[in-house]
There are 2 protein chains.
Amino acid sequence: MVAKRAGVSRQTVSNAANAPHLLRPETLQKVLGTIDELGYRPSHAARALRTRSTRVIGCRLLPSNYGGTGGVLDRLLHALCDAARSKGYDVLTFSVGTDDEEIGVFEDLLRRGAVDGFVLTNTHHGDVRPNWLLAEGARFVAFGRPWGRDQAAHSWVDVDGASGTRQAVEHLSALGHARVAYLGLPEGNGVGDDRYRGWHDAMAALGAPTKGLVARAEDGIASGRAMADQLLALPIQPTAFVCQSDTMALGAIRAIEDRGLRPGEDISVVGFDDSPVASLWRPRLSSVRQPIEAVAQKLVEVLLAELSGLQRKPSRDLLEPWLVARESSRRAPGRADRVSIPDVPVRVATAKTRFSN
Amino acid sequence: MVAKRAGVSRQTVSNAANAPHLLRPETLQKVLGTIDELGYRPSHAARALRTRSTRVIGCRLLPSNYGGTGGVLDRLLHALCDAARSKGYDVLTFSVGTDDEEIGVFEDLLRRGAVDGFVLTNTHHGDVRPNWLLAEGARFVAFGRPWGRDQAAHSWVDVDGASGTRQAVEHLSALGHARVAYLGLPEGNGVGDDRYRGWHDAMAALGAPTKGLVARAEDGIASGRAMADQLLALPIQPTAFVCQSDTMALGAIRAIEDRGLRPGEDISVVGFDDSPVASLWRPRLSSVRQPIEAVAQKLVEVLLAELSGLQRKPSRDLLEPWLVARESSRRAPGRADRVSIPDVPVRVATAKTRFSN
DNA sequence: TTCGCCAATATGAACGATCAAGTCACCTCT
DNA sequence: AGAGGTGACTTGATCGTTCATATTGGCGAA
């Protein structure tokens, strides 16, 4: 340890970095001086060996366009790296095909002591990963609620999807739309059910009909197109679509065009996740945007709390998404005079709602 | 070290893992048996401390839609993680805004001994990072040639962009297109000039005119649209566009539509990078796809060779991209009878060309 | 028999940090 | 004056490996 050239002991140098209050101000100055004079940084390996903590967080890398999430997880990874580094942590990534393989990597990384904890993404019904991690006593936070299980079993951070679709309905309603249809995933998917619920409750709250205005099927442009086409074939067409993904929304736009109608002008469409295509498509797609940067910060914050051991109970955080309004959602044609609901301003700031703790 | 319960010494266990040939087959069996009976994995930290090698590779995370690369770097990161893990390495990511910040992170990670080497992405003219790394004696490989400097200064792996645009021209020519225009970045960008050269040389080789068929400006849909519009205003319109990015290609499609023409049918368009939108757009966009998985494998291979110290000279590898033909590029209208060039089959396999070493 | 050599395994030291306990001077209280 | 406490450091041990070097036993050749 070269920094001992400051004329003090190893431990004093160590303290200068980790517990400055133990040093006399003048010694502290002297030590800190020689530290950055020599460009010294404590060895990651040695510190990890001694303290049994690596200051590294593991995170699975999911395919970019995974499940129609449209780059949400990419943004998350970026934000996660930033948030982690600002707290002195690094992020180690790995790419696996299945949850079981992911558990294999968890085991490897934990046994070798290569990471302190994990950020879990893409939680879903029947997810085996939380069970495994809990059984191993590993530290982790999930991005996504523990769908279909005890919400208090472990810490998680999630975005309120129901609020997102609710905002979309309110936005459309304010634009004079009464028949707002919903395109989503089939029942049984946590995220899908959540978003569906938001649409349904918002419609009910407005006293608007919901019956016959729902189509649910797998994600994808083709799927969205087929679902929208089916609803557009109804005697009384919907005047707007709220979709659970941007891909479905793009499909809806196609279906609208197929019938010679103008998306945005004749029939409005709102997507979800604000993927890169949303602002590239014509008409530019209105979409619900998740506060990913805030999610990442929260994830790191919660994980560090878990790692510190001070955290007793698992924490739960639900963050608010917001609507980005573009040309695909506009005033309902011929309805300008029949608006009965006062305009609801579209929220543009990142509002947070905090649960528990 | 619990595995000593096999009744042998630490070192023997160590050898079982690192130098099995030193052990008598029966001892090896016994040791390996207890190793996985106890689920033992060598401590990352201790090994790193002793051997001064962490088996971790650092890699900067670039924004998903960085510079119109349309997800290429995301694919690279995935492939990199896979390739690294298959060799017993892990990937540590960080997200920074500028090259200088990146150097800051390099310094931090190297000084702390948190990584063995780096993969450099997005190399460009006047890039200061290679200089810094070389001066520090750090190990690294670049994805991208050292534009505008000595190509032998350090190891790199790149994709032959000129070959990509050449393939695009040959493809269009085979479809009967004679006036194939080019939309690209302004002169001075390495990648841009490379792709331009491919178009230019291929056109020249076919004896086709190039003059007045070029527009070069910044990347983006709007930019591509404006450039294409300008060329479409010529007395004799081009019948096809080869673009240096998918975003520019989408712009070209817009410009074609603006004039009431049908992209793909009246005028063909080929993009570059095969970004996710390419197959989502209507018409689906033909695009040149980079062999990113092969690039990642090569990067890891080369970096490990550098790390092993056996590598004497920097290595240079140029890989071949291939064209993915879709509906945006079709037979030139009214030219079916005037095809003078024999059909060139579109390559669909990942061919590699190897330079040096 | 004796020596040397090799193969197989064991032992001590080191990597660079932190923890826990120790030293030492100085100060306060009785 | 002595006991006790406290602030500001220092010292020895330790984390779990691998390196370098030792030890051991067996075997072949002189």
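Quick note on labels: first sequence line is chain A, next is B, and so on, each numbered from 1.
In this structure, the CZ atom of Arg55(A) is 11 Å from the P atom of dT18(C), given to the nearest Å. Counting to the nearest Å, the C1' atom of dC19(C) and the CG atom of Leu49(A) are 13 Å from each other. One can place CZ of Arg52(A) at 13 Å from C1' of dA17(C), the figure rounded to the nearest angstrom.
Between Arg60(A) and Asn122(A), the side chains place no donor N or O within less than 3.5 Å of an acceptor N or O (distance only, hydrogens not considered). Side-chain contact annotation: His124(B) with Asp99(B), donor-acceptor N/O pair under 3.5 Å present.
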Which atom pairs link the protein and nucleotides 6-11 of chain C when you take only N or O atoms and keep those under 3.5 Å?
{"from": "dT9(C)", "atom 1": "OP1", "to": "Thr27(B)", "atom 2": "OG1", "distance (Å)": "2.6"}
{"from": "dT9(C)", "atom 1": "OP2", "to": "Arg24(B)", "atom 2": "N", "distance (Å)": "3.1"}
{"from": "dT9(C)", "atom 1": "OP2", "to": "Thr27(B)", "atom 2": "OG1", "distance (Å)": "3.3"}
{"from": "dA10(C)", "atom 1": "OP2", "to": "Ser9(B)", "atom 2": "N", "distance (Å)": "2.6"}
{"from": "dA10(C)", "atom 1": "OP2", "to": "Ser9(B)", "atom 2": "OG", "distance (Å)": "2.9"}
{"from": "dA10(C)", "atom 1": "OP2", "to": "Thr12(B)", "atom 2": "OG1", "distance (Å)": "2.8"}

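Arg47(B) contributes no side-chain N or O that forms a donor-acceptor pair with the base of dT17(D) under 3.5 Å.
Taken from CZ in Phe140(B) to CG in Leu133(B), the straight-line distance is 5.0 Å, to the nearest 0.5 Å.
Tested against Val300(B), the residues Leu303(B), Val302(B), Leu304(B) include a single side-chain contact (heavy atoms from CB on, under 4.5 Å) partner, Leu304(B).
Looking only at side-chain heavy atoms (C-beta outward), Leu120(B) and Glu102(B) come within less than 4.5 Å of each other.
Arg50(B) has no side-chain polar atom (N or O) that falls below the 4.0 Å cut-off from OP1 or OP2 of dG16(C).
If you check every strand for non-hydrogen atoms under 4.0 Å, Arg41(A) touches sugar and phosphate atoms only.
Using a 30° and 60° split on the angle between ring planes, Phe106(A) and Phe118(A) fall in the tilted class, from 30° to 60°.
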